[in-house]
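Not measured: the values here are computed from a predicted model.
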Amino acid sequence: MSSDTVVEERSKLSLRCEASGDPKPKVSWRREDKKVINLGLLRGRKHSKYVVSSVSYICGALKLQVEGEYLNISVVSREHMAAYLCIASNGVAPAVSKRIVLQVNFRPKIRIPNRLVGAATGSDVTLECRLEASPSPLTSWVRSDGIMLVNNSKYEIVECQHGYKVDMKIKIRNVVENDFGSYKCLAKNTLAAKEGFIRLYKLNQRSKASKKNYTALMDEFQEFLSDKKNRSSDSDSEEQDEAMPSSPSHETSNSGGPYAVSASLSIVFVSTFFLWL
């Protein structure tokens with residue numbers, strides 16, 4: 001009868017579960033978390049000395065139940081890490097079960113979502129490393145000058161662990177010139193050590209200033225158009241109160257000119273601003 005087992009990734013695994021009774025009980029295996037058991041491949045074929053008896057949906061999760069005294073996995077991966085239930089039943093209640101925990105050890109692996117992170121001086125910024133390792137590693141953040149960072153008023157370090165996965169984050173408050181540069185996240189367990197690098201660079205604020213200038217310019221232009229519309233409405237009201245001349249006078253024609261020229265000049269100015277950006 002197998003007990004809790006620790007193996008290294010990419011190795012072979014064989015778990016055995018014996019049961020006795022009258023009538024002779026049948027033995028089956030399933031994962032406690034009800035996930036599918038990946039049996040592995042051997043020479044391109046699924047390797048097993050047992051029979052897959054049932055595949056059914058229970059509580060929305062796919063349950064793969066495998067019959068047989070042995071549970072053999074040809075190539076163990078980190079996804080196999082779980083608690084397994086060996087269940088023996090002969091039709092006489094109750095069925096009995098044994099719980100076996102499988103731990104898979106492997107070297108740390110680090111994935112970095114963003115290797116280049118930009119920030120403006122005076123702002124807060126967060127750097128992130130995503131880690132997988134078993135057994136659980138020791139982790140740390142190190143600055144380019146070799147100083148190990150700890151939780152304080154300047155830095156906030158947070159780790160969220162889900163099984164063998166760890167999400168490492170460090171928040172840098174009130175970024176100053178000395179904060180720009182390289183940062184290193186490290187993970188070390190009994191098998192190996194791994195590190196990942198992130199570069200924090202200074203964000204060019206010219207684009208932000210340009211956007212603000214553009215917004216102010218557009219607001220001013222919209223205000224001009226609104227003022228022009230209001231003046232045109234007032235002019236129309238005055239003309240309705242007076243007798244309409246048989247033909248437009250020279251002054252009336254000229255009075256509309258400056259508005260048209262102003263609107264045209266404003267439009268050209270906005271277009272020029274677009275090209276400058």
Side-chain angles (χ1 to χ4, degrees), residues 1-111 130-139 158-168 187-194:
M1 179 74 72
S2 299
S3 57
D4 290 351
T5 305
V6 179
V7 297
E8 289 193 9
E9 196 171 35
R10 299 184 180 279
S11 62
K12 294 181 180 180
L13 172 69
S14 180
L15 300 178
R16 186 184 182 189
C17 184
E18 295 178 283
S20 59
D22 187 21
K24 183 176 177 60
K26 293 181 178 181
V27 177
S28 61
W29 296 85
R30 69 176 177 86
R31 286 179 58 138
E32 189 177 53
D33 57 11
K34 297 177 179 166
K35 291 184 178 180
V36 174
I37 300 175
N38 185 353
L39 306 178
L41 298 175
L42 184 63
R43 294 176 185 175
R45 295 184 179 181
K46 190 169 287 187
H47 175 58
S48 63
K49 293 182 180 178
Y50 40 83
V51 179
V52 177
S53 62
S54 64
V55 179
S56 57
Y57 284 95
I58 298 180
C59 299
L62 181 65
K63 174 185 176 183
L64 175 60
Q65 183 170 300
V66 181
E67 287 186 358
E69 186 176 320
Y70 291 90
L71 177 63
N72 297 323
I73 301 176
S74 59
V75 182
V76 177
S77 71
R78 61 197 68 182
E79 285 79 15
H80 287 110
M81 193 166 358
Y84 292 82
L85 297 178
C86 160
I87 304 169
S89 176
N90 62 358
V92 180
V96 294
S97 64
K98 177 176 175 59
R99 186 174 184 266
I100 300 174
V101 177
L102 174 62
Q103 178 177 325
V104 181
N105 290 345
F106 56 93
R107 300 183 176 197
K109 178 181 178 181
I110 293 177
R111 186 171 68 86
R130 295 176 184 173
L131 163 70
E132 295 182 5
S134 178
S136 295
L138 297 175
T139 60
V158 177
E159 290 188 0
C160 298
Q161 185 166 0
H162 306 280
Y164 59 83
K165 298 180 180 181
V166 181
D167 195 7
M168 301 173 57
K188 182 179 181 180
N189 65 6
T190 55
L191 299 179
K194 187 70 174 178

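Nearest approach of Arg31 to Lys35, heavy atoms of both residues: CD-O, 3.5 Å. The two residues Ala133 and Pro108 have their closest heavy-atom pair at CB-CA, 3.8 Å. When all heavy atoms are compared, the tightest approach of Asn90 to Pro25 is CB-CA, 3.6 Å. Of all the heavy atoms in Leu131 and Ile110, the pair that sits closest is CD1-CG1, 3.9 Å. When all heavy atoms of Ala82 and Asp33 are compared, the closest pair comes out as CB-OD2, 4.2 Å. Shown here for Ser77 and Val104, the closest heavy-atom pair between the two residues is O-CG2, 3.7 Å.
A donor-acceptor pair under 3.5 Å is formed between the side chain of Gln161 and the backbone N or O of Gly163. For Ser136 (side chain) and Ser134 (main-chain N/O), no donor-acceptor pair under 3.5 Å exists by modelled atom type.
Within the 4.5 Å cutoff, side-chain heavy atoms of His80 are placed close to those of Ile73. Between Asn105 and Pro135, the closest side-chain pair of non-hydrogen atoms falls below 4.5 Å. No side-chain heavy atom of Tyr84 sits under 4.5 Å from any side-chain heavy atom of Lys98. Between Glu8 and Leu191, some side-chain heavy-atom pair lies under the 4.5 Å cut-off.
Going from atom NZ of Lys12 over to atom CG of Asn72 covers 10.0 Å, rounded to the nearest 0.5 Å. If you take OG on Ser97 and CD on Glu32, they are separated by 9.0 Å, rounding to the nearest 0.5 Å. Here the CG-CZ distance, from Asp167 to Arg111, works out to 9.5 Å after rounding to the nearest 0.5 Å. Rounded to the nearest 0.5 Å, atoms CG (Leu138) and CG (Asn189) are 8.5 Å apart. Taking CD1 of Ile37 as the reference point, atom CD of Gln65 lies at 9.0 Å (rounded to 0.5 Å).
Listed by first and then second residue, the salt bridge (Lys or Arg N to Asp or Glu O under 4.0 Å) pairs that reach into residues 17-29 are Arg16-Glu18, sequence neighbours excluded.
In the displayed structure, Arg130 atom CZ is contacted under 6.0 Å by more than 12 heavy atoms of other residues, nucleotides or ligands.
Each of Leu15, Leu85, Ile87 was evaluated against Trp29; a single residue qualifies, Leu15, per the side-chain contact (heavy atoms from CB on, under 4.5 Å) test.
For Glu159, the salt bridge (Lys or Arg N to Asp or Glu O under 4.0 Å) test picks out no residue, with sequence neighbours left out. In this structure, Arg10 has no salt bridge (Lys or Arg N to Asp or Glu O under 4.0 Å) partners at least two apart in sequence or on a different chain.
We find that Arg78 and Glu9 are joined by a salt bridge, their nearest charged nitrogen and carboxylate oxygen being less than 4.0 Å apart.
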